[in-house]
Amino acid sequence: MSRDWRKTVRSAGAGWGAARALLGVMAITRPPSVSRPWIGEDAYTTGGTVFAKALGARDVALGAGTVVAALSGRGFPLWALASAAADVGDTLATRQHWHELPRTRMFIAALAGGSAVAGTALAVADAAGAMSGRCRETRSGENTAE
């Protein structure tokens, strides 16, 4: 895999992280607009607002960390996997309470599940690119890795 491949993977990862961070900012600043599709009318309660803001802060931190890691090339697979793990948790929690949630739960489960798959795929693709670069370096005796 070439440097161009890893650059493409990391660019996609930066975009994915930025989208997460933006969603987090929206959850902090406009909690019901983000949480209502997930939890319904509970979004307008104090508890719903607190949890939306807390999850928003989590997503800002994970998203920003993913963007920085993707752009710097340092620790990107770990940040992508941490973000994917949060998405798996969201998907499982949604599934556990499936029948008590509004119909839009399908959209939320698909969004969170898809994001978990995307994060895992990005982490694996970046790690594979790193391994490929190390293999070329070992075979040629030159430093061809990023």
Side-chain angles (χ1 to χ4, degrees), residues 1-40 42-43 47-98 101-146:
M1 289 181 206
S2 69
R3 290 182 189 184
D4 288 340
W5 169 257
R6 290 188 78 200
K7 185 176 180 180
T8 299
V9 168
R10 289 182 181 166
S11 292
W16 178 67
R20 175 184 294 279
L22 179 61
L23 179 65
V25 168
M26 289 174 56
I28 292 167
T29 59
R30 301 184 57 163
S33 66
V34 173
S35 60
R36 187 167 184 248
W38 194 1
I39 63 172
D42 288 338
T49 298
V50 168
F51 275 100
K53 289 181 176 184
L55 287 173
R58 173 198 79 174
D59 283 342
V60 168
L62 286 170
T66 300
V67 169
V68 170
L71 296 177
S72 70
R74 293 191 174 99
F76 173 68
L78 294 177
W79 278 97
L81 289 174
S83 295
D87 293 330
V88 168
D90 294 347
T91 305
L92 292 175
T94 301
R95 179 61 188 108
Q96 185 176 7
H97 299 280
W98 191 256
L101 296 171
R103 285 186 185 169
T104 49
R105 67 187 178 257
M106 289 183 270
F107 170 74
I108 299 301
L111 182 65
S115 184
V117 170
T120 303
L122 289 166
V124 169
D126 189 70
M131 294 301 292
S132 175
R134 286 189 203 113
C135 290
R136 279 194 314 275
E137 178 183 324
T138 302
R139 281 194 314 257
S140 68
E142 298 174 11
N143 186 0
T144 59
E146 254 179 57

Please find the pair of heavy atoms, one from Pro31 and one from Ala52, that lie closest to each other, and give the distance.
CB-CB, 3.7 Å

Below 4.5 Å, heavy atoms only, C-beta onward: do Arg6 and Asp126 meet side chain to side chain?
yes

Can you name the closest pair of heavy atoms from Ala116 and Ala84 and give their distance?
O-CB, 3.5 Å

Search all heavy atoms of Ala82 against all heavy atoms of Leu62 and return the closest pair with its distance.
CB-CD2, 4.1 Å

Let me confirm one number: the NE2-CG distance from His97 to Leu92, rounded to the nearest 0.5 Å.
11.0 Å

Look up atom CZ in Arg30 and atom CZ in Arg36, then write down how far apart they are to the nearest 0.5 Å.
13.0 Å

d(Phe51 CZ, Ile39 CD1) to nearest 0.5 Å is 9.5 Å

Is there a donor-acceptor contact under 3.5 Å from the side chain of Arg20 to the main chain of Ser83?
yes

Separation of Thr8 OG1 from Leu122 CG (nearest 0.5 Å)
11.0 Å

Output for pair (Ile28 CD1, Thr49 OG1), nearest 0.5 Å, gives 13.0 Å

If every non-hydrogen atom of Gly40 is compared with every non-hydrogen atom of Pro102, which pair is closest and at what distance?
N-CG, 3.6 Å

Minimal heavy-atom distance between Thr94 and Trp38, with the atoms involved, is OG1-NE1, 2.7 Å

From CG (Asp90) to CG (Leu55), nearest 0.5 Å:
6.5 Å

Are any side-chain N or O atoms of Ser115 and backbone N or O atoms of Leu111, one a donor and one an acceptor, separated by less than 3.5 Å?
no

State, with a plain yes or no, whether a side-chain heavy atom of Trp79 is found less than 4.5 Å away from one of Val68.
no

